Structures are given as C-alpha cells and as structure tokens.
Amino acid sequence: MKHTQLKPFPKDFFWGGSTSAYQIEGAWNEDGKGPSVIDMGNHVEGVTDFKVTSDHYHMYKEDVALLAEMGFKAYRFSIAWTRIFPQGAGEVNPKGLAFYDSLINELIKYGIEPIVTMYHFDLPYALEEKGGWSNRATIDAFEQYAKTLYENYGDRVKYWLTINEQNMLILHPGSLGTLDTTLVDPQKTLYQQNHHMLVAQAKAMVLCHEMLPEAKIGPAPNIGVIYPASSKPEDTLAADNYAAIRNWLYLDMAVYGRYNHIAWSYLEEKGYTPVIEDGDMDILAQGNPDFIAFNYYTSQTVGESLNDGNDFSHTGDQHEIVGEPGAYRGSVNPNLQKTEFGWEIDPVGFRSTLRQIYSRYHLPLIVTENGLGAFDKLEEGDVVNDPYRIEFFNKHIEQIQLAITDGVDVFGFCPWSAIDLVSTHQGSSKRYGFIYVDREEFDLKELRRIRKQSFHWYQKLIETNGEIR
C-alpha cells in the first residue's frame with residue numbers, strides 16, 4: 001500500500017537503544033556475581049570472551065551520560081540473574097542489587113525510561129548444573145528472581161521484558177553456546193525446556209500485574225516475516241510451517257496461553273511434545289502481556305522440504321542454519337542485499353513483520369533490537385565513519401513510519417546496540433553501537449568511548465522525532 005502522506009511518530013515515542021548484561025558489563029566475577037552458562041560456555045576460537053566486554057559495570061555513568069547526550073528517551077538493558085542470585089536462587093547479593101539500583105537512578109536522572117529485560121541467555125550456571133530449564137525447579141527460581149526485581153525496582157521501572165529471544169534459545173542453542181552437547185535427544189529436551197520457560201514467563205507476567213498494577217510487561221522474541229521461495233503452493237505451505245514454528249508458537253502462547261496448532265502438529269510428528277503438568281495450561285492462560293517487544297534483523301525464505309538431505313541452508317551466520325526435513329527447506333532470497341557478515345537486509349520485511357504481529361495480536365509493539373554489525377574503523381582524530389549504518393537505519397525507520405501509517409501501534413524503537421559490545425559469537429570486532437569502544441579482541445587498550453558518525457545522526461533524528469533522516 002502506498003500512502004500519499006505519512007503519519008508522524010507519536011510525540012512520546014521511545015527512541016532509544018538496547019544492550020545485554022553479559023555482552024556489555026564485564027566484571028563477570030566481581031562483587032559477588034556468580035557464573036552464568038555464558039561465562040562457563042565454550043567461546044569461539046580467535047575472539048574475546050565475556051569477562052570484560054565494554055566494562056560498562058565500571059563505566060556506566062559515563063555511558064548513560066552519552067546516551068543522554070544522544071537524546072535517548074528509553075534504554076533497554078538486561079539484568080544479570082547471577083548478580084542478583086549468584087546461585088540462581090536462595091541468597092540475594094546486595095552488591096548486585098545496588099549496581100542496578102544505581103544504574104536505574106542514573107537513567108532516571110537524565111529522563112531516560114528504563115526498559116528491563118529479566119533474562120537474556122545468561123542462565124545461572126548453578127541452575128544449569130541441576131538441569132537448567134529441564135528442571136521444573138528453575139521455574140520457581142525465575143519467579144523468585146522476578147519477584148525480587150519487582151520489589152527492588154518496581155517503583156521506578158514501568159516496562160519489563162521477560163525472556164529475550166526464547167525462540168533462538170530453542171532453535172539455535174548451538175550458536176549461543178547454551179546447548180548441552182551430551183543430550184541424547186536434544187530437540188525433545190529443548191522443547192521441554194521451552195515449555196518450562198513459557199510457564200515461567202506466564203508466572204512472571206501474572207506476578208507483575210499483581211505487584212505492580214501500573215507497570216507493563218511483555219515477551220521479547222526474535223520475529224521476522226517468512227517468505228516462500230516461489231509462488232509454488234508447496235513453498236507457501238512450507239513458509240506457513242516455519243512461521244508457526246519460529247514465530248507464532250512463542251507469541252500465541254504469550255498472548256493467548258495456547259500452543260499454535262501448526263507448531264503443535266510439528267511437535268507431534270517429530271516426537272518433541274513436552275510433558276505438560278496439571279495446572280500448566282491454566283497458568284499459561286493467565287499471562288496476558290500488555291505489549292509485545294520483538295527483535296528484527298532480517299526476513300527468512302524457505303521452500304518445500306524434499307527430504308533429500310539438502311533441506312538445510314545457512315542464514316549468512318556461520319553458526320546458524322535453517323531447515324527441517326518434512327517441514328521446510330532453507331533458502332535464500334535473491335532480491336535482497338547482504339551485510340558483510342552475510343545477513344540479508346530487508347527493510348520492507350520489517351514493515352511486513354510489524355503488520356503481521358499487530359494483525360494477529362492487536363497489542364502495542366516496541367522494537368527492542370534492529371541493527372547492522374560491521375567492522376567499524378577508528379580513524380585519525382577519533383573519527384568513526386559509519387554511513388552504512390545510517391543508511392540501514394534510515395531504511396528501517398522509514399518502514400516503521402509506513403507501518404504506523406498502516407495503523408500499527410508502535411511505541412518505541414531501541415536498536416542494537418546503544419554502544420559497542422561483544423557479539424555473541426563474533427567477538428568485539430563485529431560492532432553495532434552508536435558509540436565506539438576502543439578495544440580489540442585481546443587488547444583492552446583504555447576502553448575509550450568515541451562518538452561515531454551515527455551517534456550525531458541519531459541525535460538529530462531523536463531531536464526531530466524521526467523527521468530528519
């Protein structure tokens with residue numbers, strides 16, 4: 001649909017940015033913090049680990065001041081579960097509570113709305129040793145953790161996110177370094193873990209509404225439009241299959257409290273159906289999110305599964321493949337350009353994704369990740385020119401405005417990432433931020449913060465509420 005006039009962004013639109021604790025904080029074992037599965041996981045050879053990252057733990061005041069200078073209206077960050085509960089449950093760590101208390105106060109001092117993610121891949125290792133999400137006790141631990149966050153920060157935090165990219169934890173655990181390679185039947189185990197996470201999420205949402213009636217809470221999956229590889233009906237059917245398995249399983253459960261019927265039929269066919277205990281579905285039906293947060297980087301394309309051993313295709317990331325024999329065959333989209341890391345760039349797919357989510361659920365939407373990873377170069381005079389990032393964001397922000405004009409309720413854009421951090425499996429060389437952190441994979445240098453070209457561009461965009469692009 002072509003519009004003769006675009007609607008403006010809402011006056012109170014949340015322009016901001018996102019990070020995660022394990023990718024930016026560092027201080028992995030300081031002030032009582034316990035180890036997480038990320039800390040104890042296998043790291044990609046040749047790139048840095050997560051022990052120091054951008055050292056935000058020690059430099060957060062400088063970082064927040066830079067976000068304020070950019071004009072941020074909101075900042076989406078995650079809390080490290082193991083800073084609050086070093087063992088995942090039991091004793092609370094006062095120093096961990098104090099750090100986030102100070103960070104939240106610093107944000108509020110500058111008028112920046114804190115948007116808190118409770119869980120961003122970094123499960124406490126002490127819980128993992130007891131079975132992790134396969135153990136139903138982790139549901140109770142997550143509920144205790146959520147309750148503690150609400151008690152300590154609920155007077156200032158009005159927007160909560162439950163679990164970041166739960167669908168990626170299930171579909172691509174190998175790329176995140178969270179897969180237990182000793183599992184005999186990993187897929188069945190993963191979908192049992194998925195069920196437990198869904199129950200934990202619902203309990204956290206119910207508890208939030210009980211304890212913080214003025215607050216809002218929602219899930220934060222990675223959602224992207226799925227294209228059929230051709231107009232062949234079988235390819236369209238395959239795209240429906242993948243959309244259900246990748247996208248709608250997670251949002252149907254969060255919003256409606258039920259398993260998507262296509263996804264469930266896939267689980268039945270594969271023998272992956274989880275054990276559902278008495279009362280689980282009642283809890284799931286009570287979740288009722290107030291909004292949907294989602295991360296969008298790219299669309300995906302699939303075709304009919306031929307069961308010939310060639311159903312798998314790389315997404316462009318060497319650690320992630322797409323394809324499921326009997327359900328869909330991974331494919332590429334010849335109509336799209338790619339980043340230097342091989343990810344397909346699809347701004348129009350962003351608009352389609354926004355429209356699809358809102359049409360299905362009619363809940364307000366906030367984009368909690370979207371961005372371009374690149375090998376940014378620090379030039380003489382502390383100059384970092386990243387016009388490619390500005391071009392990427394311009395095209396995607398244009399599509400948000402088109403979606404708003406389509407009638408989609410979008411209340412925020414918090415791209416990845418506010419500041420350079422350590423990529424999950426491509427180290428510190430793959431940069432996403434508006435702010436350059438002067439470090440290399442194994443040379444921390446002085447970790448100086450340097451404003452990129454995109455910093456100044458985003459500053460003007462926020463100042464004009466999206467008018468100057």
Side-chain angles (χ1 to χ4, degrees), residues 18 20 76 78 115-123 133 142 159-173 175-176 178 190-191 193-205 208 216-226 239 241-260 262-264 266-267 274 284 287-300 315 317 320 322 343 346 349-350 352-371 403 408 410-416 424:
S18 292
S20 83
R76 178 247 179 166
S78 76
I115 300 175
V116 172
T117 308
M118 297 184 200
Y119 173 49
H120 194 124
F121 302 158
D122 48 354
L123 184 72
W133 284 110
F142 186 77
Y159 292 87
W160 298 89
L161 310 180
T162 52
I163 300 174
N164 177 76
E165 292 192 350
Q166 181 175 333
N167 50 344
M168 298 298 101
L169 278 165
I170 302 307
L171 293 167
H172 302 294
S175 71
L176 301 175
T178 57
L190 284 166
Y191 279 104
Q193 293 177 354
N194 186 57
H195 179 75
H196 292 162
M197 276 190 268
L198 292 168
V199 173
Q201 171 176 259
K203 285 194 166 191
M205 289 194 288
C208 180
K216 299 181 185 298
I217 190 168
N222 182 308
I223 305 294
V225 63
I226 310 299
N241 290 339
Y242 188 38
I245 295 165
R246 185 193 189 280
N247 295 334
W248 311 136
L249 185 163
Y250 300 89
L251 288 178
D252 281 8
M253 184 59 82
V255 178
Y256 301 130
R258 61 174 182 259
Y259 275 97
N260 176 278
I262 297 172
W264 187 258
Y266 159 77
L267 296 178
L284 289 163
N288 301 323
D290 303 292
F291 62 88
I292 292 171
F294 75 102
N295 303 343
Y296 175 88
Y297 289 95
T298 185
S299 57
Q300 290 187 337
T315 64
D317 188 313
E320 293 181 15
V322 169
W343 286 70
D346 187 7
F350 192 21
S352 294
T353 302
L354 286 156
R355 286 160 54 135
Q356 284 186 2
I357 299 172
Y358 193 68
S359 292
R360 286 181 71 95
Y361 305 110
H362 290 283
L363 287 172
L365 306 181
I366 181 170
V367 180
T368 42
E369 288 183 32
N370 172 247
V408 179
V410 189
F411 69 94
F413 179 63
C414 293
W416 191 263
T424 299

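Quick caveat, the model's predicted, so the values are computed rather than measured.
For the residue pair Tyr159/Asp290, the side-chain donor-acceptor check at 3.5 Å is not satisfied. Looking only at atom types and distance, the side chain of Asn222 has no donor-acceptor partner in the side chain of Asn164 under 3.5 Å away.
Remark: side-chain polar atoms of Arg76 are paired, donor with acceptor, to backbone N or O of Thr368 under 3.5 angstrom. Looking at Asn167, its side chain never comes within 3.5 Å of a backbone N or O of Pro221 through a donor-acceptor pair. Not a single donor-acceptor pair under 3.5 Å links the side chain of Ser352 to the backbone N or O of Val225. Tyr296 contributes a side-chain N or O that, together with a main-chain N or O of Phe350, makes up a donor-acceptor pair within less than 3.5 Å. Ser18 places a side-chain N or O within 3.5 Å of a backbone atom of Cys414 that can act as its donor or acceptor partner. Between the side chain of His120 and the backbone N or O of Ser20 there is no donor-acceptor pair closer than 3.5 Å. In this structure a side-chain-to-backbone donor-acceptor pair under 3.5 Å is present from Gln166 to Asn194.
Here the shortest heavy-atom pairing between Asn370 and Pro415 reads O-CB, 3.0 Å. Residues Ile292 and Val255 come closest through the heavy atom pair CD1-CG2, 4.0 Å. Nearest heavy atom pair, residue Asn295 against residue Ala220, reads ND2-O, 4.4 Å. Nearest heavy atoms, Pro173 versus Leu190: CG-CD1, 3.8 Å. Taking all atoms of both residues into account, the shortest heavy-atom contact from Ala254 to Pro219 is CB-CG, 3.8 Å.
Taking the six-membered ring where the residue is Trp, the centroids of Tyr191 and His195 are separated by 6.0 Å or more.
In this structure, Leu365 and Phe291 have side chains that are not in contact, with every pair of non-hydrogen atoms separated by 4.5 Å or more. Side-chain contact between Phe294 and Thr353 is present, with at least one heavy-atom pair separated by less than 4.5 Å. Within the 4.5 Å cutoff, the side chain of Ile262 has heavy atoms near those of the Asn241 side chain. Looking at heavy atoms from C-beta onward, Met253 lies in side-chain contact with Tyr259 at the 4.5 angstrom threshold. Residues Phe411 and Val367 fail the side-chain proximity criterion, which asks for heavy atoms closer than 4.5 Å. Residues Phe142 and Met197 form no side-chain contact, since every pair of their non-hydrogen atoms from C-beta on lies 4.5 Å or further apart. Considering only heavy atoms from C-beta on, Gln300 comes within 4.5 Å of Arg246 through its side chain. Side-chain contact between Leu284 and Arg258 is absent, with no heavy-atom pair separated by less than 4.5 Å.
The CG atom of Leu251 sits 11.0 Å away from atom CD of Gln356, with the distance rounded to the nearest 0.5 Å. The SG atom of Cys208 lies 16.0 Å from the NZ atom of Lys203; values are rounded to the nearest 0.5 Å. Leu267 CG to Ile245 CD1: the interatomic distance, rounded to the nearest 0.5 Å, is 7.5 Å. One distance of note links CD1 of Ile357 with CG of Asn247; it measures 7.5 Å at 0.5 Å rounding. With rounding to the nearest 0.5 angstrom, the OH atom of Tyr119 is 7.0 Å from the CD1 atom of Ile163. A distance of 12.5 Å separates NZ of Lys216 from CD1 of Ile115, quoted to the nearest 0.5 Å.
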Determine whether Met118 and Leu161 satisfy the following criterion, side chain to side chain contact (heavy atoms under 4.5 Å, CB included), listing intermediate values before the conclusion. CA-CA 6 Å; Met118 297 184 200; Leu161 310 180; over 6 Å; no
